Amino acid sequence: MARLHVVTGKGGTGKTTVAAAMALALAEQGKRILLVEVEGRQGLAQLFDVPPLPYVERRIAQGPGGGDVFALAVDAEAALLEYLDMYYHLGRAGKALEKVGAIDFVTTIAPGLRDVLLTGKVYEATRRKEHGKLAYDAVVVDAPPTGRIAPFLNVNTEVAGLAKVGPIRNQADAIMGMLRSDITRVHLVTLLEEMPVQETLDAVGQLEALDLRIGSIVVNMVRNSPLDDDALALAVKEKLPTAELTRGLKAAGLTIGDDLVKTLASEAHDHAIRVGLERENRDRIDALGKQVTELTLQPDGIDQGTLIDLAEEFRA
């Protein structure tokens, strides 16, 4: 059973929102879920309306199933200090490195090391035990976007030129082993639009080439058309009967001139074209043969209430 859920998606698709809703959905009665942010944007704090998250695991919400959701913002510099203290017992010396800017320098000249540190913290949290049992029942990662997800997760290649042997290489190998194991799934968030769908298709190919397991394709912000297929077909051809539109509006108690009826028919035409394009993009997603999860559009924006609604959609 998967315990590590990595959530990625093109910018603007609602990746952070989906990761948060997934964490809430996993929070069944008595379960502890860790939601991890690795990009330094403090998006989770804004989403849950809590103060900026420190490099400390903090309880931020209770799931609709009664479990607890904890959150952690992983900082590469803090993770490096923790790593140096864990393996080399530097203690105060590590703090001195931080003060002179050496840590930022190291992670800048060796960006692959930054990703090893970020994924390394996820690795530690996923495997950590307390009182003989796992500290968290599941870990959900709000990961980098699809354009960067393959190199972010491919830590072995990222450190190939940095460390051939030693603790860093050993940690990279261990992280890669976990990421490729049956406990990990990568979920991709998309919209039914050309660019997000294409990035999703590309990312699936890249991730599978790395032997990483795809969980689900999450189609976010789905809008259901109020028109049936027959009406959509007429609207595309601009053949909606305006007389029927006028009668329907009058029956609803609205008195509208011919110009406005024509405007409504034109909007129906544009709507029908959009629905057709969305269906084409959905067909491209379905062709992947992966599990697809749909989340409905929340027209009033995202708050804690709508997060719970999205979590219930996941649970369903």
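Numbering starts at 1 and runs along the sequence shown. All figures in this text were calculated on a predicted structure; none of them were measured in a lab.
- You'll find the side chain of Val69 stays beyond 4.5 Å of the side chain of Leu26, heavy atoms only.
- Contact of the Ile217 side chain with the Thr200 side chain is registered, since non-hydrogen atoms from C-beta on lie closer than 4.5 Å.
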**OP:** Mind running side-chain contact (heavy atoms from CB on, under 4.5 Å) on Thr126 and Arg3 for me, showing each step along the way?
**Re:** CA-CA 8 Å; Thr126 304; Arg3 290 194 295 105; 3.7 Å; yes

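- Using a distance-only test at 3.5 Å, with no hydrogens or angles considered, no donor-acceptor pair links the side chain of Thr146 to the main chain of Glu199.
- Both Phe70 and Val38 are members of a single hydrophobic cluster when ILVMFWY side chains are connected at heavy-atom separations under 4.5 Å.
- The closest side-chain donor-acceptor pair between Asp303 and Thr306 falls under 3.5 angstrom.
- With no hydrogens or angles considered, a side-chain donor-acceptor pair links Thr16 and Asp142 at under 3.5 Å.
- Under the 4.5 Å side-chain heavy-atom criterion for Ile, Leu, Val, Met, Phe, Trp and Tyr, Leu24 and Met221 are members of distinct hydrophobic clusters.
- Between atom CG of residue Asn154 and atom CG of residue Asp115 there is a gap of 10.0 Å, rounded to the nearest 0.5 Å.
- Rounded to the nearest 0.5 Å, atoms CG (Asp211) and CE (Met176) are 8.0 Å apart.
- The pair Arg282-Asp286 meets the salt-bridge criterion, with a side-chain N (NZ, NE, NH1 or NH2) lying under 4.0 Å from an Asp/Glu carboxylate O.
- Proximity of Gln298 to Thr296: side-chain heavy atoms (C-beta onward) are separated by under 4.5 Å at one or more points.
- Asn281 places a side-chain N or O within donor-acceptor distance of the main-chain N or O of Leu277, the cut-off being under 3.5 Å.
- Using a 4.0 Å cut-off between a side-chain N of Lys or Arg and a carboxylate O of Asp or Glu, Glu39 and Arg148 do not qualify as a salt bridge.
- A side-chain donor-acceptor contact under 3.5 Å links Ser225 and His271.
- Taking CG of Leu264 as the start and NE2 of His269 as the end, the distance is 14.5 Å to the nearest 0.5 Å.
- Two residues are said to be in side-chain contact when any heavy atoms from C-beta on lie closer than 4.5 Å; Arg185 and Leu4 fail this criterion.
- The hydrophobic cluster containing Leu207 also contains Val292, counting ILVMFWY residues as joined when their side-chain heavy atoms lie under 4.5 angstrom apart, directly or transitively.
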**OP:** Test salt bridge (Lys or Arg N to Asp or Glu O under 4.0 Å) on Glu193 and Lys10 and set out the steps.
**Re:** CA-CA 11 Å; Glu193 298 173 4; Lys10 179 176 168 54; over 6 Å; no

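- A donor-acceptor pair is defined here as one N or O able to donate and one able to accept, closer than 3.5 Å; no such pair exists between the side chain of Thr184 and the backbone of Arg180.
- Closest heavy-atom contact between Ala311 and Ala21: CB-O, 3.5 Å.
- No donor-acceptor pair closer than 3.5 Å links the side chain of Glu37 to the backbone N or O of Leu72.
- Nearest heavy-atom pair, Arg41 versus Gln46, reported as atom, atom and distance to 0.1 Å: O-NE2, 3.6 Å.
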Original post:
So Leu191 and Val197, side-chain contact (heavy atoms from CB on, under 4.5 Å) or not? Walk me through it.
Top reply: CA-CA 7 Å; Leu191 306 179; Val197 168; over 6 Å; no

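- In this structure, Arg32 is positioned above the aromatic face of Tyr136, its NZ or CZ under 6.0 Å from the six-membered ring centre and within 45° of the axis.
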Subject >> Derivation and outcome, side-chain contact (heavy atoms from CB on, under 4.5 Å), residues Val218 and Thr190 >> reply: CA-CA 6 Å; Val218 181; Thr190 188; over 6 Å; no

**OP:** Please step through salt bridge (Lys or Arg N to Asp or Glu O under 4.0 Å) for the pair Lys31 and Asp68, ending with a clear verdict.
**Re:** CA-CA 6 Å; Lys31 289 190 175 181; Asp68 292 320; over 6 Å; no

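- When hydrophobic clusters are built by joining Ile, Leu, Val, Met, Phe, Trp and Tyr residues whose side-chain heavy atoms come closer than 4.5 Å, directly or via intermediates, Ile308 is grouped together with Val7.
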**OP:** Could you walk me through whether Asn220 and Val18 pass side-chain contact (heavy atoms from CB on, under 4.5 Å), step by step?
**Re:** CA-CA 8 Å; Asn220 197 21; Val18 169; 3.9 Å; yes

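- Considering all non-hydrogen atoms of both residues, Glu313 and Glu294 come closest at OE1-O, 3.5 Å.
- We find the CG-CE distance between Leu295 and Met22 to be 8.5 Å, quoted to the nearest 0.5 Å.
- The two residues Pro145 and Gly11 make their nearest non-hydrogen contact at CB-N, 4.4 Å.
- Only one option out of Val139, Leu44, Leu47 pairs with Leu35 in a side chain to side chain contact (heavy atoms under 4.5 Å, CB included); it is Leu44.
- Salt-bridge formation is detected for the pair Asp182/Arg213: a Lys NZ or Arg NE/NH1/NH2 atom is positioned less than 4.0 Å from an Asp or Glu carboxylate oxygen.
- In terms of modelled atom types and a separation under 3.5 Å, the side chain of Gln304 and the main chain of Phe48 share a donor-acceptor contact.
- Within the 4.5 Å cutoff, the side chain of Arg315 has heavy atoms near those of the Pro64 side chain.
- No side-chain heavy atom of His187 sits less than 4.5 Å from a side-chain heavy atom of Thr8.
- Looking at Glu208 and Ile214, their side chains come closer than 4.5 Å, going by heavy atoms from C-beta outward.
- Both Leu153 and Leu118 sit in one connected hydrophobic cluster of ILVMFWY residues. Membership requires side-chain heavy atoms under 4.5 Å apart, directly or through other members.
- A heavy-atom distance below 4.5 Å is not found between the side chains of Val236 and Leu232.
- Under 3.5 Å, the side chains of Asp202 and Gln198 contain a donor-acceptor pair of N or O atoms.
- Here the straight-line distance linking atom CG of Leu188 with atom CD1 of Ile285 works out to 10.0 Å at 0.5 Å rounding.
- Taking all atoms of both residues into account, the shortest heavy-atom contact from Asp228 to Ala231 is OD1-N, 2.7 Å.
- Closest heavy-atom contact between Ile60 and Ala71: CD1-CB, 3.5 Å.
- Note: Leu192 CG to Arg284 CZ = 10.5 Å, rounded to the nearest 0.5 Å.
- Ion pairing of Asp229 with Arg279 is present here, as a side-chain N (NZ or NE/NH1/NH2) and a carboxylate O approach within less than 4.0 Å.
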